[in-house]
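Count residues from 1 along the sequence.
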Amino acid sequence: KALGQDEAFFGGFNLQTGAPVLADNQVWKIMDGSHDFYAQYDTVLQEAIQSEYRYAFHEINTSEKLKRFVQEGKKELTIEAKMMHPFHKEYGYRWARFHFSISVANNTKIGYIAIKDIETSKRQEQVLQERAHGDSLTGLYNRFSIEEIVTRYLRERGGSTFFLIDIDRFKLINDTYGHDMGDRVLKRLASLMRTVFPQGAIIGRLGGDEFVAFIPHDNEAVRNAGDELCRVIAQD
């Protein structure tokens with residue numbers, strides 16, 4: 001049961017030939033009669049991952065990249081993302097922990113894939129984070145939370161994109177229209193940032209009119225998000 005409640009999909013594969021070496025009925029069903037794991041990998045992975053989270057799999061999002069990952073001597077990779085059970089699409093996309101690891105037995109490299117449903121624990125974690133680390137006006141992360149989360153991501157994952165944003169002439173808005181209007185502007189900017197930046201972005205308010213957006217990966221689309229935010233604000 002690949003993503004059943006609190007259960008895990010688990011399979012082992014010969015990384016040279018792609019042949020399964022450890023597989024239960026669910027794994028064989030996914031293999032659909034094939035004895036080549038790589039032949040099924042691309043299709044299953046693309047169908048299982050919610051589109052907003054595919055960036056997280058960029059290192060291994062095709063069978064060729066997975067082979068390169070192994071050839072480069074990397075040993076394991078853990079990713080948390082929203083995924084769909086291949087045989088239970090009625091469940092929709094649920095939070096799952098995808099873990100890939102490699103071991104060597106008799107000079108043969110074996111790749112193990114485990115996918116565990118973490119929907120319940122992830123929801124509980126998110127609720128606690130929102131309560132403890134939220135900015136009361138905008139609902140974004142506060143300064144303390146931003147520093148803590150960004151530091152942890154940088155230590156564990158590396159490549160990322162960081163935006164530091166403030167509102168031009170914000171003091172003039174407060175002085176001219178009053179602080180209630182200023183608060184409305186801050187909340188509106190927070191809403192637009194949620195719309196523009198991709199799911200998985202860490203968005204926060206440092207204080208006053210200073211905001212940050214941290215995206216735990218780096219590509220051209222992400223880097224263009226800053227320009228897109230400016231365009232959306234200009235139209236708003």
Side-chain angles (χ1 to χ4, degrees), residues 2-3 8-24 26-28 30-32 34-86 93-118 122 148-163 197-202 213-225:
L3 290 176
F9 162 90
F10 189 79
F13 305 88
N14 183 316
L15 292 175
Q16 181 176 354
T17 65
V21 297
L22 178 66
D24 60 14
Q26 290 285 329
V27 176
W28 283 121
I30 291 173
M31 294 295 290
D32 194 26
S34 171
H35 288 265
D36 183 358
F37 162 69
Y38 292 116
Q40 305 297 318
Y41 182 82
D42 296 322
T43 300
V44 172
L45 198 67
Q46 290 301 315
E47 290 180 352
I49 303 167
Q50 191 171 19
S51 59
E52 292 90 337
Y53 293 91
R54 286 178 186 160
Y55 71 85
F57 289 80
H58 69 278
E59 287 187 272
I60 58 167
N61 60 9
T62 67
S63 57
E64 291 304 315
K65 284 188 177 181
L66 181 62
K67 292 176 184 177
R68 195 178 310 133
F69 183 91
V70 175
Q71 291 167 356
E72 291 174 351
K74 298 176 181 178
K75 297 296 184 183
E76 63 179 349
L77 181 66
T78 299
I79 300 168
E80 291 186 359
K82 285 201 169 184
M83 304 180 71
M84 180 184 291
H85 191 299
Y93 290 101
R94 295 170 62 85
W95 277 104
R97 182 178 293 116
F98 177 101
H99 184 73
F100 176 72
S101 60
I102 300 170
S103 68
V104 180
N106 299 322
N107 295 321
T108 300
K109 287 185 177 181
I110 307 297
Y112 297 97
I113 291 180
I115 306 175
K116 183 175 179 60
D117 187 301
I118 58 170
K122 193 72 174 180
E148 182 181 38
I149 295 169
V150 170
T151 298
R152 185 172 69 246
Y153 266 102
L154 291 176
R155 286 174 178 167
E156 296 176 355
R157 306 191 186 188
S160 57
T161 308
F162 186 87
F163 293 92
F197 290 112
Q199 192 164 359
I202 309 300
F214 175 83
I215 298 92
H217 57 285
D218 179 32
N219 55 47
E220 185 176 355
V222 169
R223 291 192 291 273
N224 289 337

[X] side, atom [atom1]; [Y] side, atom [atom2] - distance, nearest 0.5 Å:
| X | Y | atom1 | atom2 | value |
| --- | --- | --- | --- | --- |
| Q16 | N107 | CD | CG | 11.0 Å |
| R97 | K122 | CZ | NZ | 8.0 Å |
| K65 | Y41 | NZ | OH | 10.0 Å |
| F57 | I49 | CZ | CD1 | 4.0 Å |
| I79 | E59 | CD1 | CD | 7.5 Å |
| L154 | F162 | CG | CZ | 9.0 Å |

List the steps and the verdict of side chain to side chain contact (heavy atoms under 4.5 Å, CB included) for M84 and E47.
-> CA-CA 8 Å; M84 180 184 291; E47 290 180 352; over 6 Å; no
Could you list the residues that satisfy salt bridge (Lys or Arg N to Asp or Glu O under 4.0 Å) with K109, not counting sequence neighbours?
-> none
Please find the pair of heavy atoms, one from [X] and one from [Y], that lie closest to each other, and give the distance.
| X | Y | result |
| --- | --- | --- |
| A48 | Y93 | O-CE2, 3.5 Å |
| Y112 | G12 | CD2-CA, 3.8 Å |
| P216 | G200 | CD-O, 3.7 Å |
| F197 | A201 | CB-CB, 4.0 Å |
| P20 | H35 | CD-O, 3.6 Å |
| G111 | F100 | CA-CE1, 4.0 Å |

L77/F98 under side chain to side chain contact (heavy atoms under 4.5 Å, CB included): CA gap, chis, key distance, verdict = CA-CA 8 Å; L77 181 66; F98 177 101; 5.6 Å; no
Test item: [X] side-chain N/O and [Y] main-chain N/O as donor-acceptor pair under 3.5 Å:
| X | Y | value |
| --- | --- | --- |
| D42 | S63 | yes |
| R223 | T161 | no |
| Y38 | L15 | yes |

For H58, the ring-ring contact (aromatic ring centres under 6.0 Å, His included) test, sequence neighbours excluded, returns none
Between F37 and F13, how do the two ring planes meet: parallel, tilted or perpendicular, split at 30° and 60°?
-> parallel
Residues forming a side chain to side chain donor-acceptor pair (under 3.5 Å) with Y53, sequence neighbours excluded = Q199
